[in-house]
Enquirer: 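I have a structure here, written as C-alpha coordinates, and I will follow up with some questions on it.
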Amino acid sequence: MNILQRIRLSVFPDRQDTNHHKHGRRMTFRSFLLHFRPGSVPERTLKLSLTWGLGGMALVLVFLLFGSGLMLKFAYEPTPGKAYESIVYLNNQVPFGRLLRNIHRWSANGLIFVVFLHCLRVFYTSAFAAPRQFNWIIGLTLFSAVVLSNFTGYLLPWDQLAYWAITISTSMLDYIPGIGTAFKEWILGGPEPGPKTLINFYAIHTAILPVLLLFFLPFHFWRIRKADGLVIPRSPGEDPSVKGDMIDSMPHLIMREVSLAVVVLAVVLLSAMFFNAPLADIANPGLSPNPTKAPWYFMGIQEMLMHFHPVFALLVIPGLLLFGLLSIPYINYEANTTGVWFCSHKGRKMALVAVIFATLLTLGAVLLDEFVIGAGQAGAANLINNGLVPFIILLAFCIGFYWVIKRSFNATNNEAVQALFTLLITAFVVLTIIGVWFRGTGMHLMWPA
Ligand code: HEM
(Lines give C-alpha, C1' and ligand atoms only; values in the text may rest on other atoms or scores of the structure.)
Protein backbone atom coordinates (compact mmCIF):
# COMPACT_ATOMS: atom_id res chain seq x y z
CA MET A 1 0.00 0.00 0.00
CA ASN A 2 1.48 3.43 -0.94
CA ILE A 3 1.29 6.47 1.32
CA LEU A 4 -1.75 7.95 -0.42
CA GLN A 5 -3.67 4.70 -0.06
CA ARG A 6 -2.72 4.52 3.62
CA ILE A 7 -3.91 8.10 4.22
CA ARG A 8 -7.16 7.34 2.42
CA LEU A 9 -7.68 4.22 4.50
CA SER A 10 -7.17 6.31 7.65
CA VAL A 11 -10.02 8.61 6.50
CA PHE A 12 -12.36 5.88 5.20
CA PRO A 13 -11.32 2.74 7.14
CA ASP A 14 -14.27 0.68 5.88
CA ARG A 15 -13.74 1.37 2.21
CA GLN A 16 -12.13 -1.50 0.30
CA ASP A 17 -10.64 -0.62 -3.09
CA THR A 18 -11.96 -3.64 -4.92
CA ASN A 19 -12.90 -3.48 -8.60
CA HIS A 20 -16.50 -3.66 -7.47
CA HIS A 21 -16.12 -0.47 -5.38
CA LYS A 22 -14.21 1.33 -8.12
CA HIS A 23 -17.01 0.54 -10.55
CA GLY A 24 -19.59 1.80 -8.03
CA ARG A 25 -17.75 5.10 -7.61
CA ARG A 26 -17.47 5.54 -11.36
CA MET A 27 -21.23 5.00 -11.71
CA THR A 28 -21.97 7.54 -8.95
CA PHE A 29 -19.74 10.12 -10.66
CA ARG A 30 -21.38 9.39 -14.01
CA SER A 31 -24.92 9.80 -12.69
CA PHE A 32 -23.84 13.03 -10.94
CA LEU A 33 -22.58 14.35 -14.30
CA LEU A 34 -25.81 13.36 -15.98
CA HIS A 35 -27.67 15.85 -13.84
CA PHE A 36 -25.89 18.52 -15.88
CA ARG A 37 -25.16 16.92 -19.22
CA PRO A 38 -27.30 14.66 -21.43
CA GLY A 39 -26.52 10.93 -21.41
CA SER A 40 -25.92 10.87 -25.15
CA VAL A 41 -25.78 13.47 -27.91
CA PRO A 42 -26.00 13.36 -31.72
CA GLU A 43 -22.46 12.66 -32.92
CA ARG A 44 -22.65 15.42 -35.50
CA THR A 45 -23.10 18.14 -32.87
CA LEU A 46 -19.63 17.32 -31.53
CA LYS A 47 -18.00 18.73 -34.66
CA LEU A 48 -15.86 21.72 -33.75
CA SER A 49 -17.04 23.46 -36.92
CA LEU A 50 -20.57 23.72 -35.47
CA THR A 51 -19.99 25.60 -32.22
CA TRP A 52 -16.25 26.37 -32.30
CA GLY A 53 -16.58 25.76 -28.56
CA LEU A 54 -17.64 29.40 -28.14
CA GLY A 55 -20.55 28.90 -25.72
CA GLY A 56 -18.34 26.65 -23.57
CA MET A 57 -15.50 29.17 -23.65
CA ALA A 58 -17.92 31.89 -22.54
CA LEU A 59 -19.03 29.73 -19.63
CA VAL A 60 -15.46 29.05 -18.51
CA LEU A 61 -14.75 32.79 -18.63
CA VAL A 62 -17.87 33.49 -16.56
CA PHE A 63 -16.66 31.02 -13.90
CA LEU A 64 -13.20 32.56 -13.97
CA LEU A 65 -14.71 36.02 -13.52
CA PHE A 66 -16.82 34.90 -10.58
CA GLY A 67 -13.80 33.24 -8.93
CA SER A 68 -11.31 36.06 -9.51
CA GLY A 69 -13.92 38.73 -8.73
CA LEU A 70 -14.70 37.10 -5.41
CA MET A 71 -11.02 37.21 -4.48
CA LEU A 72 -10.64 40.82 -5.61
CA LYS A 73 -13.39 41.77 -3.16
CA PHE A 74 -10.98 41.04 -0.30
CA ALA A 75 -8.68 43.85 -1.42
CA TYR A 76 -10.96 46.41 -3.06
CA GLU A 77 -12.51 49.39 -1.26
CA PRO A 78 -15.33 51.17 -3.11
CA THR A 79 -14.76 54.81 -2.11
CA PRO A 80 -13.00 57.43 -4.25
CA GLY A 81 -10.40 58.01 -1.53
CA LYS A 82 -9.53 54.33 -1.20
CA ALA A 83 -10.40 52.63 -4.52
CA TYR A 84 -7.28 53.63 -6.45
CA GLU A 85 -5.04 53.02 -3.43
CA SER A 86 -6.49 49.55 -2.94
CA ILE A 87 -5.73 48.67 -6.57
CA VAL A 88 -2.16 49.95 -6.26
CA TYR A 89 -1.82 47.95 -3.04
CA LEU A 90 -3.23 44.87 -4.76
CA ASN A 91 -0.80 45.32 -7.65
CA ASN A 92 2.31 45.88 -5.57
CA GLN A 93 1.84 44.32 -2.14
CA VAL A 94 -0.56 41.40 -2.34
CA PRO A 95 1.08 38.12 -3.44
CA PHE A 96 -0.25 37.33 -6.93
CA GLY A 97 -2.54 40.39 -6.64
CA ARG A 98 -1.48 41.83 -10.00
CA LEU A 99 -1.92 38.43 -11.65
CA LEU A 100 -5.40 38.14 -10.15
CA ARG A 101 -6.39 41.57 -11.43
CA ASN A 102 -4.97 40.78 -14.87
CA ILE A 103 -6.92 37.50 -14.98
CA HIS A 104 -10.14 39.32 -14.10
CA ARG A 105 -9.55 42.09 -16.66
CA TRP A 106 -8.57 39.84 -19.58
CA SER A 107 -11.35 37.34 -18.90
CA ALA A 108 -13.87 40.18 -18.90
CA ASN A 109 -12.66 41.58 -22.21
CA GLY A 110 -12.33 38.09 -23.68
CA LEU A 111 -15.89 37.32 -22.61
CA ILE A 112 -17.39 40.19 -24.63
CA PHE A 113 -15.44 39.09 -27.68
CA VAL A 114 -16.29 35.39 -27.28
CA VAL A 115 -20.00 36.04 -26.61
CA PHE A 116 -20.14 38.26 -29.70
CA LEU A 117 -18.63 35.45 -31.81
CA HIS A 118 -21.00 32.91 -30.18
CA CYS A 119 -23.92 35.13 -31.12
CA LEU A 120 -22.64 35.28 -34.73
CA ARG A 121 -22.27 31.49 -34.89
CA VAL A 122 -25.84 31.04 -33.60
CA PHE A 123 -27.08 33.51 -36.19
CA TYR A 124 -25.15 32.08 -39.14
CA THR A 125 -26.29 28.50 -38.40
CA SER A 126 -29.92 29.71 -38.03
CA ALA A 127 -29.87 28.27 -34.50
CA PHE A 128 -32.33 30.99 -33.43
CA ALA A 129 -35.23 29.40 -35.35
CA ALA A 130 -38.03 27.42 -33.63
CA PRO A 131 -37.86 25.83 -31.08
CA ARG A 132 -34.88 27.99 -30.06
CA GLN A 133 -36.42 31.45 -30.54
CA PHE A 134 -36.68 32.28 -26.88
CA ASN A 135 -33.14 31.13 -26.21
CA TRP A 136 -31.97 33.80 -28.65
CA ILE A 137 -33.80 36.37 -26.50
CA ILE A 138 -32.25 34.94 -23.32
CA GLY A 139 -28.88 35.12 -25.12
CA LEU A 140 -29.39 38.81 -25.89
CA THR A 141 -30.19 39.39 -22.20
CA LEU A 142 -26.98 37.60 -21.26
CA PHE A 143 -25.05 39.70 -23.76
CA SER A 144 -26.42 42.90 -22.23
CA ALA A 145 -25.55 41.66 -18.74
CA VAL A 146 -21.99 40.87 -19.87
CA VAL A 147 -21.50 44.31 -21.46
CA LEU A 148 -22.97 46.09 -18.42
CA SER A 149 -20.78 44.04 -16.08
CA ASN A 150 -17.75 45.18 -18.05
CA PHE A 151 -18.92 48.76 -18.07
CA THR A 152 -19.64 48.96 -14.34
CA GLY A 153 -16.35 47.21 -13.55
CA TYR A 154 -14.44 49.69 -15.70
CA LEU A 155 -15.00 52.52 -13.20
CA LEU A 156 -13.88 50.64 -10.12
CA PRO A 157 -10.08 51.32 -10.30
CA TRP A 158 -10.97 55.05 -10.18
CA ASP A 159 -8.07 56.07 -12.41
CA GLN A 160 -8.08 58.70 -15.18
CA LEU A 161 -8.97 56.08 -17.81
CA ALA A 162 -11.93 54.80 -15.83
CA TYR A 163 -13.21 58.16 -14.67
CA TRP A 164 -13.22 59.79 -18.11
CA ALA A 165 -14.46 56.73 -19.99
CA ILE A 166 -17.47 56.58 -17.69
CA THR A 167 -17.92 60.36 -17.87
CA ILE A 168 -17.97 60.35 -21.68
CA SER A 169 -20.19 57.24 -21.92
CA THR A 170 -22.78 58.48 -19.45
CA SER A 171 -22.70 62.05 -20.81
CA MET A 172 -24.02 60.62 -24.09
CA LEU A 173 -27.30 60.15 -22.19
CA ASP A 174 -27.61 63.95 -21.87
CA TYR A 175 -28.50 64.09 -25.55
CA ILE A 176 -31.64 62.01 -25.10
CA PRO A 177 -34.44 64.56 -24.92
CA GLY A 178 -36.67 64.63 -21.87
CA ILE A 179 -35.43 61.88 -19.64
CA GLY A 180 -31.72 61.61 -20.65
CA THR A 181 -30.15 63.85 -18.03
CA ALA A 182 -32.41 62.63 -15.22
CA PHE A 183 -31.56 59.03 -16.12
CA LYS A 184 -27.84 59.83 -16.19
CA GLU A 185 -28.01 61.49 -12.79
CA TRP A 186 -29.94 58.56 -11.40
CA ILE A 187 -27.22 56.12 -12.54
CA LEU A 188 -24.37 58.35 -11.39
CA GLY A 189 -26.08 59.45 -8.19
CA GLY A 190 -25.31 63.07 -9.20
CA PRO A 191 -24.39 65.21 -12.22
CA GLU A 192 -20.94 63.65 -12.61
CA PRO A 193 -19.12 60.54 -11.35
CA GLY A 194 -18.45 60.75 -7.60
CA PRO A 195 -18.61 58.64 -4.42
CA LYS A 196 -22.23 57.67 -5.05
CA THR A 197 -21.39 56.52 -8.57
CA LEU A 198 -18.69 54.25 -7.26
CA ILE A 199 -21.05 52.67 -4.73
CA ASN A 200 -23.82 52.31 -7.36
CA PHE A 201 -21.49 50.72 -9.90
CA TYR A 202 -19.94 48.48 -7.26
CA ALA A 203 -23.35 47.19 -6.11
CA ILE A 204 -24.53 46.64 -9.68
CA HIS A 205 -21.22 45.00 -10.65
CA THR A 206 -20.87 42.68 -7.69
CA ALA A 207 -24.48 41.91 -6.78
CA ILE A 208 -27.18 42.71 -9.32
CA LEU A 209 -25.47 41.61 -12.54
CA PRO A 210 -23.95 38.41 -11.09
CA VAL A 211 -27.39 37.42 -9.78
CA LEU A 212 -28.87 38.15 -13.21
CA LEU A 213 -26.22 35.95 -14.83
CA LEU A 214 -26.76 33.21 -12.25
CA PHE A 215 -30.44 33.22 -13.15
CA PHE A 216 -30.24 33.51 -16.93
CA LEU A 217 -27.34 31.09 -17.53
CA PRO A 218 -29.14 28.00 -16.17
CA PHE A 219 -32.24 29.22 -18.04
CA HIS A 220 -30.15 29.33 -21.24
CA PHE A 221 -28.89 25.78 -20.71
CA TRP A 222 -32.33 24.47 -19.73
CA ARG A 223 -33.73 25.85 -23.00
CA ILE A 224 -30.97 24.01 -24.92
CA ARG A 225 -32.03 20.72 -23.22
CA LYS A 226 -35.69 21.49 -23.95
CA ALA A 227 -34.85 22.05 -27.63
CA ASP A 228 -33.35 18.55 -27.71
CA GLY A 229 -29.78 19.83 -27.69
CA LEU A 230 -27.90 21.82 -30.28
CA VAL A 231 -28.88 22.20 -33.91
CA ILE A 232 -27.66 19.35 -36.10
CA PRO A 233 -25.11 20.68 -38.59
CA ARG A 234 -25.95 19.76 -42.18
CA SER A 235 -25.06 20.66 -45.74
CA PRO A 236 -27.47 22.69 -47.87
CA GLY A 237 -30.22 20.44 -49.24
CA GLU A 238 -29.72 17.71 -46.61
CA ASP A 239 -32.92 16.55 -44.87
CA PRO A 240 -33.29 18.50 -41.57
CA SER A 241 -35.04 15.60 -39.83
CA VAL A 242 -32.00 13.29 -40.07
CA LYS A 243 -30.33 13.27 -36.67
CA GLY A 244 -27.54 10.76 -37.32
CA ASP A 245 -25.94 8.47 -34.74
CA MET A 246 -26.08 9.15 -31.01
CA ILE A 247 -22.92 8.92 -28.93
CA ASP A 248 -22.30 8.72 -25.14
CA SER A 249 -21.58 12.11 -23.56
CA MET A 250 -19.02 10.47 -21.29
CA PRO A 251 -16.27 10.54 -22.48
CA HIS A 252 -16.92 12.04 -25.93
CA LEU A 253 -18.59 15.33 -24.98
CA ILE A 254 -17.27 15.76 -21.43
CA MET A 255 -13.64 15.19 -22.42
CA ARG A 256 -13.94 17.76 -25.21
CA GLU A 257 -15.44 20.25 -22.74
CA VAL A 258 -12.71 19.62 -20.17
CA SER A 259 -9.98 20.06 -22.85
CA LEU A 260 -11.57 23.29 -24.02
CA ALA A 261 -11.70 24.59 -20.44
CA VAL A 262 -8.00 23.77 -19.97
CA VAL A 263 -7.09 25.64 -23.17
CA VAL A 264 -9.14 28.71 -22.17
CA LEU A 265 -7.58 28.73 -18.69
CA ALA A 266 -4.09 28.44 -20.19
CA VAL A 267 -4.69 31.31 -22.63
CA VAL A 268 -6.05 33.59 -19.89
CA LEU A 269 -3.24 32.70 -17.51
CA LEU A 270 -0.55 33.34 -20.13
CA SER A 271 -2.17 36.66 -21.12
CA ALA A 272 -2.33 37.65 -17.44
CA MET A 273 1.33 36.75 -16.96
CA PHE A 274 2.58 38.78 -19.92
CA PHE A 275 0.17 41.72 -20.20
CA ASN A 276 -0.75 44.01 -17.33
CA ALA A 277 -4.25 45.48 -16.98
CA PRO A 278 -3.89 49.25 -17.52
CA LEU A 279 -3.87 51.60 -14.55
CA ALA A 280 -3.41 55.33 -15.23
CA ASP A 281 -3.00 58.12 -12.64
CA ILE A 282 -5.66 58.56 -9.98
CA ALA A 283 -8.91 60.10 -11.30
CA ASN A 284 -8.75 63.87 -11.65
CA PRO A 285 -12.16 65.41 -12.44
CA GLY A 286 -10.44 68.69 -13.42
CA LEU A 287 -8.14 67.24 -16.07
CA SER A 288 -9.70 65.41 -18.99
CA PRO A 289 -7.37 63.42 -21.26
CA ASN A 290 -7.42 64.20 -24.96
CA PRO A 291 -8.99 62.25 -26.63
CA THR A 292 -11.54 61.04 -24.10
CA LYS A 293 -12.83 57.69 -25.25
CA ALA A 294 -15.55 55.34 -24.04
CA PRO A 295 -14.61 51.67 -23.37
CA TRP A 296 -13.85 49.90 -26.68
CA TYR A 297 -17.22 48.09 -26.88
CA PHE A 298 -19.01 51.47 -26.88
CA MET A 299 -16.67 53.10 -29.39
CA GLY A 300 -18.98 52.17 -32.29
CA ILE A 301 -21.68 54.28 -30.67
CA GLN A 302 -19.26 57.11 -29.82
CA GLU A 303 -18.10 57.07 -33.45
CA MET A 304 -21.70 57.17 -34.65
CA LEU A 305 -22.19 60.23 -32.48
CA MET A 306 -19.56 61.99 -34.57
CA HIS A 307 -21.71 61.66 -37.69
CA PHE A 308 -25.34 61.65 -36.57
CA HIS A 309 -27.41 63.87 -34.35
CA PRO A 310 -27.42 62.30 -30.83
CA VAL A 311 -31.13 61.50 -31.02
CA PHE A 312 -30.40 59.27 -34.00
CA ALA A 313 -26.98 57.99 -32.86
CA LEU A 314 -28.16 57.05 -29.38
CA LEU A 315 -31.87 56.39 -29.68
CA VAL A 316 -33.26 55.81 -33.14
CA ILE A 317 -30.50 53.71 -34.76
CA PRO A 318 -29.61 51.54 -31.70
CA GLY A 319 -33.35 51.20 -30.94
CA LEU A 320 -34.09 49.96 -34.46
CA LEU A 321 -31.10 47.62 -34.33
CA LEU A 322 -32.27 46.19 -31.01
CA PHE A 323 -35.76 45.76 -32.39
CA GLY A 324 -34.26 43.98 -35.42
CA LEU A 325 -32.20 41.65 -33.21
CA LEU A 326 -35.22 40.79 -31.05
CA SER A 327 -37.36 40.15 -34.15
CA ILE A 328 -34.88 37.92 -36.00
CA PRO A 329 -36.25 34.61 -34.64
CA TYR A 330 -39.87 35.64 -35.16
CA ILE A 331 -39.70 36.60 -38.85
CA ASN A 332 -41.54 34.22 -41.17
CA TYR A 333 -38.81 32.59 -43.23
CA GLU A 334 -39.40 30.74 -46.49
CA ALA A 335 -36.95 27.90 -45.91
CA ASN A 336 -35.79 25.77 -42.99
CA THR A 337 -32.05 26.50 -42.86
CA THR A 338 -31.42 25.39 -39.25
CA GLY A 339 -27.93 23.91 -38.97
CA VAL A 340 -26.76 25.06 -42.41
CA TRP A 341 -23.89 27.55 -42.24
CA PHE A 342 -24.91 30.82 -43.98
CA CYS A 343 -28.25 29.26 -45.10
CA SER A 344 -26.72 28.01 -48.40
CA HIS A 345 -23.75 28.47 -50.75
CA LYS A 346 -25.57 31.45 -52.20
CA GLY A 347 -26.11 32.88 -48.69
CA ARG A 348 -22.36 32.68 -48.08
CA LYS A 349 -21.61 34.67 -51.24
CA MET A 350 -24.27 37.23 -50.35
CA ALA A 351 -22.81 37.66 -46.85
CA LEU A 352 -19.38 38.23 -48.38
CA VAL A 353 -20.78 40.87 -50.72
CA ALA A 354 -22.41 42.55 -47.68
CA VAL A 355 -19.10 42.56 -45.75
CA ILE A 356 -17.20 44.16 -48.66
CA PHE A 357 -19.96 46.68 -49.32
CA ALA A 358 -20.34 47.69 -45.67
CA THR A 359 -16.59 48.07 -45.14
CA LEU A 360 -16.06 50.27 -48.20
CA LEU A 361 -19.18 52.35 -47.66
CA THR A 362 -18.58 52.94 -43.95
CA LEU A 363 -14.97 53.94 -44.57
CA GLY A 364 -16.05 56.18 -47.44
CA ALA A 365 -18.83 57.82 -45.39
CA VAL A 366 -16.51 58.49 -42.40
CA LEU A 367 -13.82 60.03 -44.63
CA LEU A 368 -16.40 62.10 -46.49
CA ASP A 369 -17.87 63.39 -43.25
CA GLU A 370 -14.45 64.18 -41.76
CA PHE A 371 -12.84 65.88 -44.75
CA VAL A 372 -15.64 67.14 -46.99
CA ILE A 373 -18.96 67.57 -45.18
CA GLY A 374 -17.47 68.18 -41.72
CA ALA A 375 -20.72 67.43 -39.96
CA GLY A 376 -18.96 68.34 -36.74
CA GLN A 377 -18.73 66.92 -33.28
CA ALA A 378 -21.30 65.39 -31.00
CA GLY A 379 -23.85 67.77 -29.63
CA ALA A 380 -23.19 70.56 -32.11
CA ALA A 381 -25.41 68.96 -34.68
CA ASN A 382 -28.63 69.98 -36.30
CA LEU A 383 -31.59 67.60 -35.95
CA ILE A 384 -32.58 67.79 -39.62
CA ASN A 385 -29.25 68.15 -41.45
CA ASN A 386 -27.23 65.84 -39.23
CA GLY A 387 -30.06 63.62 -38.05
CA LEU A 388 -33.08 63.08 -40.21
CA VAL A 389 -31.40 63.52 -43.60
CA PRO A 390 -28.49 61.06 -43.10
CA PHE A 391 -30.87 58.67 -41.30
CA ILE A 392 -33.30 58.63 -44.25
CA ILE A 393 -30.37 58.09 -46.63
CA LEU A 394 -29.18 55.18 -44.45
CA LEU A 395 -32.65 53.67 -44.23
CA ALA A 396 -33.21 54.00 -47.98
CA PHE A 397 -29.83 52.41 -48.58
CA CYS A 398 -30.66 49.41 -46.32
CA ILE A 399 -34.05 48.86 -47.96
CA GLY A 400 -32.46 49.24 -51.41
CA PHE A 401 -29.67 46.84 -50.50
CA TYR A 402 -32.17 44.21 -49.30
CA TRP A 403 -34.24 44.54 -52.43
CA VAL A 404 -31.34 44.57 -54.92
CA ILE A 405 -29.40 41.70 -53.34
CA LYS A 406 -32.55 39.55 -53.06
CA ARG A 407 -33.38 40.10 -56.71
CA SER A 408 -29.90 39.87 -58.17
CA PHE A 409 -29.18 36.57 -56.37
CA ASN A 410 -32.76 35.33 -56.76
CA ALA A 411 -32.53 34.64 -53.02
CA THR A 412 -34.93 33.51 -50.28
CA ASN A 413 -35.79 35.96 -47.50
CA ASN A 414 -33.58 33.87 -45.15
CA GLU A 415 -30.57 34.71 -47.31
CA ALA A 416 -31.55 38.35 -47.81
CA VAL A 417 -32.21 39.00 -44.08
CA GLN A 418 -28.85 37.40 -43.32
CA ALA A 419 -27.12 39.68 -45.85
CA LEU A 420 -28.77 42.79 -44.39
CA PHE A 421 -27.79 41.78 -40.84
CA THR A 422 -24.22 41.18 -42.08
CA LEU A 423 -24.17 44.64 -43.64
CA LEU A 424 -25.21 46.33 -40.37
CA ILE A 425 -22.93 44.29 -38.11
CA THR A 426 -19.94 44.89 -40.39
CA ALA A 427 -20.64 48.63 -40.43
CA PHE A 428 -20.78 48.65 -36.62
CA VAL A 429 -17.51 46.69 -36.35
CA VAL A 430 -15.78 49.07 -38.81
CA LEU A 431 -17.01 52.09 -36.79
CA THR A 432 -15.69 50.46 -33.60
CA ILE A 433 -12.28 49.83 -35.19
CA ILE A 434 -12.08 53.42 -36.45
CA GLY A 435 -13.06 54.76 -33.01
CA VAL A 436 -10.59 52.59 -31.10
CA TRP A 437 -7.52 52.83 -33.33
CA PHE A 438 -7.93 55.68 -35.77
CA ARG A 439 -9.12 58.58 -33.62
CA GLY A 440 -6.52 60.75 -31.88
CA THR A 441 -6.29 64.22 -30.34
CA GLY A 442 -9.59 66.10 -30.59
CA MET A 443 -11.11 62.83 -31.87
CA HIS A 444 -9.70 63.59 -35.34
CA LEU A 445 -8.79 60.78 -37.68
CA MET A 446 -5.15 59.74 -37.44
CA TRP A 447 -2.92 56.88 -38.46
CA PRO A 448 -1.95 54.78 -35.40
CA ALA A 449 1.74 55.24 -34.57
C1 HEM B 1 -22.63 34.63 -21.04
C2 HEM B 1 -23.11 34.43 -22.23
C3 HEM B 1 -23.40 33.07 -22.87
C4 HEM B 1 -23.00 31.82 -22.49
C5 HEM B 1 -22.11 31.43 -21.31
C6 HEM B 1 -23.58 30.89 -23.44
C7 HEM B 1 -23.39 29.52 -23.43
C8 HEM B 1 -23.86 28.65 -24.39
C9 HEM B 1 -23.49 27.27 -24.54
C10 HEM B 1 -22.47 26.55 -23.64
C11 HEM B 1 -24.18 26.77 -25.57
C12 HEM B 1 -24.04 25.35 -26.16
C13 HEM B 1 -22.73 25.21 -26.96
C14 HEM B 1 -22.48 26.24 -28.03
O15 HEM B 1 -23.40 26.58 -28.78
O16 HEM B 1 -21.35 26.74 -28.08
C17 HEM B 1 -25.06 27.80 -26.09
C18 HEM B 1 -25.98 27.65 -27.10
C19 HEM B 1 -26.82 28.65 -27.54
N20 HEM B 1 -26.70 29.99 -27.26
FE21 HEM B 1 -25.53 30.78 -25.85
N22 HEM B 1 -24.34 31.59 -24.34
C23 HEM B 1 -24.24 32.93 -24.05
C24 HEM B 1 -24.79 33.99 -24.76
C25 HEM B 1 -25.61 33.83 -25.88
C26 HEM B 1 -26.04 34.90 -26.77
C27 HEM B 1 -25.58 36.34 -26.65
C28 HEM B 1 -26.90 34.34 -27.69
C29 HEM B 1 -27.65 35.01 -28.82
C30 HEM B 1 -28.08 36.21 -28.81
C31 HEM B 1 -26.99 32.92 -27.38
C32 HEM B 1 -27.83 32.03 -28.03
C33 HEM B 1 -27.67 30.66 -27.96
C34 HEM B 1 -28.52 29.70 -28.67
C35 HEM B 1 -29.74 30.01 -29.53
C36 HEM B 1 -27.96 28.44 -28.41
C37 HEM B 1 -28.45 27.09 -28.97
C38 HEM B 1 -27.61 26.84 -30.20
C39 HEM B 1 -27.88 25.53 -30.87
O40 HEM B 1 -28.89 24.89 -30.57
O41 HEM B 1 -27.06 25.16 -31.73
N42 HEM B 1 -26.17 32.64 -26.31
N43 HEM B 1 -24.82 28.96 -25.35
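The model shown is predicted, which means the values in this text are computed figures rather than measured ones. We count ligands from 1, going down the list as the structure has it; atoms in each ligand are counted the same way. Reckoned from all heavy atoms, side chains included, excluding hydrogens, waters and symmetry mates.
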Enquirer: For Lys47 and Pro233, indicate whether the former's side chain and the latter's backbone hold a donor-acceptor pair under 3.5 Å.
Expert: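 Absent.
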Enquirer: Answer yes if the side chains of Thr125 and Arg121 hold a donor-acceptor pair under 3.5 Å, and no otherwise.
Expert: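 Looking only at side-chain atoms, Arg121 and Thr125 do form a donor-acceptor pair, the distance falling under 3.5 Å.
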Enquirer: Before accepting this row, confirm whether a basic side-chain N of the pair Arg37/Glu257 lies closer than 4.0 Å to the acidic partner's carboxylate O.
Expert: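 Here Arg37 pairs with Glu257 in a salt bridge, since their nearest N and O are under 4.0 Å apart.
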Enquirer: Please verify whether a non-hydrogen atom of Phe221 lies at under 4.0 Å from ligand 1.
Expert: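 Per 4.0 Å heavy-atom rule, Phe221 contacts ligand 1.
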Enquirer: Quick check on contacts: which atoms of ligand 1 are under 4.0 angstrom from a heavy atom of Leu217?
Expert: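 Atoms satisfying the 4.0 Å criterion: 4 (C), 5 (C).
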Enquirer: Do we see a donor-acceptor contact under 3.5 Å between the side chains of His309 and Asn386?
Expert: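 Checked: His309/Asn386 side chains show no N/O donor-acceptor pair below 3.5 Å.
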Enquirer: What class does the angle between the rings of Phe401 and Phe357 fall in, given that below 30° is parallel, 30 to 60° is tilted and above 60° is perpendicular?
Expert: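 The arrangement is tilted - the two ring planes meet at 30° to 60°.
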Enquirer: How close does the nearest protein non-hydrogen atom get to atom 18 (C) of ligand 1, and which residue and atom is it?
Expert: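 Closest protein heavy atom to atom 18 (C) of ligand 1: Ile224 CD1, 3.4 Å.
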Enquirer: Where on Val122 is there a heavy atom closer than 4.0 Å to ligand 1, on the side chain, on the backbone, on both, or on neither?
Expert: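 For Val122, the contact with ligand 1 is made by the side chain alone.
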Enquirer: Considering only heavy atoms of Cys119, which atoms of ligand 1 have at least one such atom less than 4.0 Å away?
Expert: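 Answer, ordered by atom number: 29 (C), 30 (C).
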Enquirer: What atoms of ligand 1 come within less than 4.0 Å of a heavy atom belonging to Ala127?
Expert: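 Result: 35 (C), 38 (C), 39 (C), 41 (O).
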Enquirer: Using 30° and 60° as the class boundaries, would you call the ring planes of Phe216 and Phe219 parallel, tilted or perpendicular?
Expert: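 Ring orientation, 0 to 90° scale: tilted.
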Enquirer: Mind telling me whether Tyr76 and Tyr202 have parallel, tilted or perpendicular rings, with 30° and 60° as the class edges?
Expert: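 Tilted, since the angle between the ring planes falls between 30° and 60°.
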Enquirer: Considering both backbone and side-chain atoms of Val231, is one of its nitrogen or oxygen atoms within less than 3.5 Å of a nitrogen or oxygen in ligand 1?
Expert: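 The answer is yes, given that Val231 and ligand 1 share an N or O pair closer than 3.5 Å.
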Enquirer: Quick one: look up the protein heavy atom nearest atom 1 (C) of ligand 1 and list residue, atom name and how far away it is.
Expert: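 Nearest neighbour among protein heavy atoms for atom 1 (C) of ligand 1, to 0.1 Å: Val146 CG2, 3.9 Å.
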Enquirer: Between Trp164 (side chain) and Ala283 (backbone), is there a donor-acceptor pair under 3.5 Å?
Expert: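 Side chain of Trp164 to backbone of Ala283, a donor-acceptor pair under 3.5 Å: no, none is there.
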Enquirer: Looking at atom 14 (C) of ligand 1, what's its closest protein heavy atom, distance included?
Expert: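 For this ligand atom, the closest protein heavy atom is Thr51 CG2, 3.6 Å.
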Enquirer: Would you please determine whether Phe128 falls within less than 4.0 Å of ligand 1 on a heavy-atom basis?
Expert: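 Under 4.0 Å: no for Phe128.
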Enquirer: Quick one: does His118 get an N or O within less than 3.5 Å of an N or O on ligand 1?
Expert: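 Min N/O separation from ligand 1 is below 3.5 Å for His118.
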Enquirer: Got the closest protein heavy atom to atom 29 (C) of ligand 1, with its distance?
Expert: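 Going atom by atom, the protein heavy atom closest to atom 29 (C) of ligand 1 ends up being Trp136 CE3, 3.6 Å.
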Enquirer: Looking at Gly56, which atoms of ligand 1 are within less than 4.0 Å of one of its heavy atoms?
Expert: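 What qualifies from ligand 1 is 10 (C).
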Enquirer: So which protein heavy atom does atom 28 (C) of ligand 1 come closest to, and at what separation?
Expert: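 Here the nearest protein heavy atom works out to Gly139 CA, 3.3 Å.
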Enquirer: Describe, in one word, how the ring planes of Tyr333 and Phe128 are oriented to each other, choosing from parallel (under 30°), tilted (30 to 60°) and perpendicular (over 60°).
Expert: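 Ring orientation of Tyr333 relative to Phe128: tilted.
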Enquirer: Please report which non-hydrogen protein atom sits nearest to atom 3 (C) of ligand 1, along with the residue it belongs to and the distance in Å to one decimal place.
Expert: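 Here the closest protein heavy atom is Leu142 CD1, 4.0 Å.
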Enquirer: Within 45 degrees of the axis of the six-membered ring of Tyr154 and under 6.0 Å from its centre: does Arg105 put its NZ or CZ there?
Expert: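 Relative to the ring axis of Tyr154, which defines the angle, Arg105 lies inside both limits.
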Enquirer: Judged on heavy-atom distance to atom 33 (C) of ligand 1, which of Arg121, Met57, Arg132, His220 sits nearest?
Expert: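 When every heavy atom of Arg121, Met57, Arg132, His220 is considered, His220 comes closest to atom 33 (C) of ligand 1.
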Enquirer: For atom 2 (C) of ligand 1, what's the nearest protein heavy atom and its distance?
Expert: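 Protein heavy atom at minimum distance: Val115 CG2, 3.7 Å.
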Enquirer: May I ask you to decide if Ser40's main-chain N or O and Asp248's side chain share a donor-acceptor pair within less than 3.5 Å?
Expert: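 The answer is no, because no donor-acceptor pair under 3.5 Å joins these two groups.
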Enquirer: Describe, in one word, how the ring planes of His220 and His118 are oriented to each other, choosing from parallel (under 30°), tilted (30 to 60°) and perpendicular (over 60°).
Expert: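 Ring orientation of His220 relative to His118: perpendicular.
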Enquirer: Using a 4.0 Å cut-off to any heavy atom of Phe143, which atoms of ligand 1 qualify?
Expert: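 With Phe143 as reference, the close atoms of ligand 1 come out as 27 (C).
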Enquirer: Can you label the angle between the Phe116 ring and the Phe143 ring as parallel, tilted or perpendicular, going by 30° and 60°?
Expert: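 Tilted.
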Enquirer: Does only the side chain of Leu111 get under 4.0 Å from ligand 1, or the backbone, or both, or neither? Count heavy atoms.
Expert: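 Neither; no heavy atom under 4.0 Å.
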Enquirer: State the atoms of ligand 1, each with its element, that fall below the 4.0 Å cut-off from a heavy-atom position in Leu59.
Expert: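 Atoms satisfying the 4.0 Å criterion: 5 (C).
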Enquirer: For atom 7 (C) of ligand 1, which of Ala58, Gly55, Ser149, Gly339 has the closest heavy atom?
Expert: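 Minimum heavy-atom distance to atom 7 (C) of ligand 1 goes to Gly55.
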Enquirer: Enumerate the atoms of ligand 1 whose separation from the nearest heavy atom of Leu140 is less than 4.0 angstrom.
Expert: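 Within the 4.0 Å cut-off of Leu140, ligand 1 contributes 30 (C).
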